[in-house]
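If you read the sequence from its start, that first residue is 1, and numbering goes on from there.
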Amino acid sequence: MAKGSVSAVDKALDLLEAIARAKTPMKLSELAEEVGMLRPTAHRVLGELANRGWVFRYDGRYLPGPAALQVSHEAASYSLAALCRPAMQTLSDRTDMMVNLQVLESGGTRIIDALRPDRLKMITRMLGDLLPPHRFAGPLALVAALEEQNRAPYLAMVEKSGYPMDGPGGFLADVAETRRTGFAVVHKRSQDVIGSISRAVSSRKGSPLCALTVIGFDTDFDENTMRTVEGHLKDATDEVRQLLTDTTSGKRPTDSGDEE
């Protein structure tokens, strides 16, 4: 149930989200109760949404309207995952390893796409999973790409988990090394059979947009292979960065929140 919705935008989005996640079309009274809104207010907002095509009313129940369906189709076609997929596929083909795409959230990093070659079928793709900052290369790359003052919530998560913060093998040392090299590496950790290398894609102003991570068996990552993978990973992330931050067409596929 939504709380503290005060703006017209909040109210409209609360209702749209409730309609989108409903298993069956809902009545006005059900929607109002679901989002914690007075029925007259919900009725007014739903009427405005229906007039714009965002919701469809049939027999007293509400469904996603044609405008919402069109946006959903466009979002699927031009989502971050769709835009990054060609570079990810090339990277996976060149390395013969799994490649995933992650974005930073308040609770860690979320895997929003993953490609896996047949030889690594036994490694789970973890699609949709939220990863903690300290266990995997992707979250490490994204946290390290943040400005120091913005890392505090993620450092607090690591500290709360009991993972060491200080010392040569601590998280702070990992962050420093990642910033120095540009690559986050999780390799040769005790009892880990999986190794990974990740690199963040940042906006022109430096804020991290996403990260590409290459994953394989830990034994795959000998010194020569690591250098080769890092080269291919750099090419892929440079390609994605150019795609996401290119303003020459006057349009941007995604918005990082920065004014370029």
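Distance check: Ile194 CD1 to His187 NE2 gives 12.5 Å after rounding to the nearest 0.5 Å. To the nearest 0.5 angstrom, Leu49 atom CG is 13.5 Å from Arg57 atom CZ. Between atom CG of residue Asp220 and atom OG1 of residue Thr95 there is a gap of 9.5 Å, rounded to the nearest 0.5 Å. Taken to the nearest 0.5 Å, the CG atom of Asp10 stands 11.0 Å off from the CG atom of Leu15. Taken to the nearest 0.5 Å, the CG atom of Leu46 stands 8.0 Å off from the CE atom of Met37. Taken from CE in Met97 to CZ in Phe221, the straight-line distance is 4.0 Å, to the nearest 0.5 Å.
A donor-acceptor contact shorter than 3.5 Å links the side chain of Arg151 to the backbone of Leu146. Within the 3.5 Å criterion, the main-chain N or O of Ile123 finds a donor-acceptor partner in the side chain of Arg116. Checked by atom type and distance alone, the side chain of Arg110 pairs as donor or acceptor with a backbone atom of Gly128 at under 3.5 Å. Listed for the Asp129 side chain is no donor-acceptor partner under 3.5 Å among the backbone atoms of Leu131. A donor-acceptor pair is defined here as one N or O able to donate and one able to accept, closer than 3.5 Å; no such pair exists between the side chain of Ser207 and the backbone of Ser203. Side chain of Arg179 to backbone of Ala144: a donor-acceptor contact under 3.5 angstrom is found.
Heavy atoms only, all atoms of each residue included: Glu34 and Ala18 are closest at CG-CB, 3.9 Å. Closest approach of Leu28 and Tyr62 over heavy atoms only: N-CE1, 4.1 Å. When every heavy atom of Pro208 is checked against every heavy atom of Ser202, the shortest pair comes out as CA-OG, 3.9 Å. Pairing each heavy atom of Ala211 with each of Gly138, the nearest pair is CB-O, 4.3 Å. Heavy atoms only, all atoms of each residue included: Thr213 and Ala137 are closest at CG2-CB, 4.3 Å.
Residues Glu239 and Thr90 are not in side-chain contact: their nearest non-hydrogen atoms beyond the backbone lie 4.5 Å or more apart. You'll find the side chain of Ile112 stays beyond 4.5 Å of the side chain of Cys84, heavy atoms only. Looking at Leu91 and Leu115, their side chains never come closer than 4.5 Å, going by heavy atoms from C-beta outward. Two residues are said to be in side-chain contact when any heavy atoms from C-beta on lie closer than 4.5 Å; Asp235 and Arg94 meet this criterion. Under the 4.5 Å side-chain criterion, counting only non-hydrogen atoms from C-beta, Met157 is not in contact with Phe171. In this structure, Pro132 and Pro139 have side chains that are not in contact, with every pair of non-hydrogen atoms separated by 4.5 Å or more. Side-chain contact between Val158 and Met165 is present, with at least one heavy-atom pair separated by less than 4.5 Å. A 4.5 Å side-chain heavy-atom check between Val103 and Leu142 finds every atom pair outside the cut-off.
Summarising the local packing, CZ of Arg135 is surrounded by 12 or fewer heavy atoms from other residues, nucleotides or ligands at distances under 6.0 Å. When the shell of 6.0 Å around CZ of Arg119 is examined, it contains more than 12 heavy atoms from other residues, nucleotides or ligands. The 12-atom threshold is exceeded at CZ of Arg44, counting heavy atoms of other residues, nucleotides or ligands nearer than 6.0 Å. By the neighbour-count criterion of 12 heavy atoms within 6.0 Å, atom CD of Glu159 is sparsely surrounded, having that number or fewer from other residues, nucleotides or ligands.
Salt bridge Arg199/Asp238: present, at least one basic N to carboxylate O contact under 4.0 Å. Between Glu48 and Lys11 there is no salt bridge, since no side-chain nitrogen of the basic residue lies less than 4.0 Å from a carboxylate oxygen of the acidic one. Under a 4.0 Å N-O distance rule, the pair Arg227/Glu230 qualifies as a salt bridge.
In summary, the side chains of Asp93 and Gln89 do present a donor paired with an acceptor at a separation below 3.5 Å, with no hydrogens or angles considered.
The aromatic rings of His134 and Tyr163 lie tilted to each other, with the angle between the two planes from 30° to 60°.
When Ile197, Leu101, Asn100 are each tested for a side-chain contact (heavy atoms from CB on, under 4.5 Å) with Leu212, only one passes: Leu101.
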Inset, instruction - Start with the C-alpha distance between Arg85 and Asp113, add both sets of side-chain angles, then the distance that settles side-chain contact (heavy atoms from CB on, under 4.5 Å), and finish with yes or no. - result: CA-CA 8 Å; Arg85 177 58 76 96; Asp113 198 12; 2.8 Å; yes
Inset, instruction - Carefully, step by step, assess Phe136 and Thr109 under the rule side-chain contact (heavy atoms from CB on, under 4.5 Å). - result: CA-CA 10 Å; Phe136 303 95; Thr109 64; over 6 Å; no
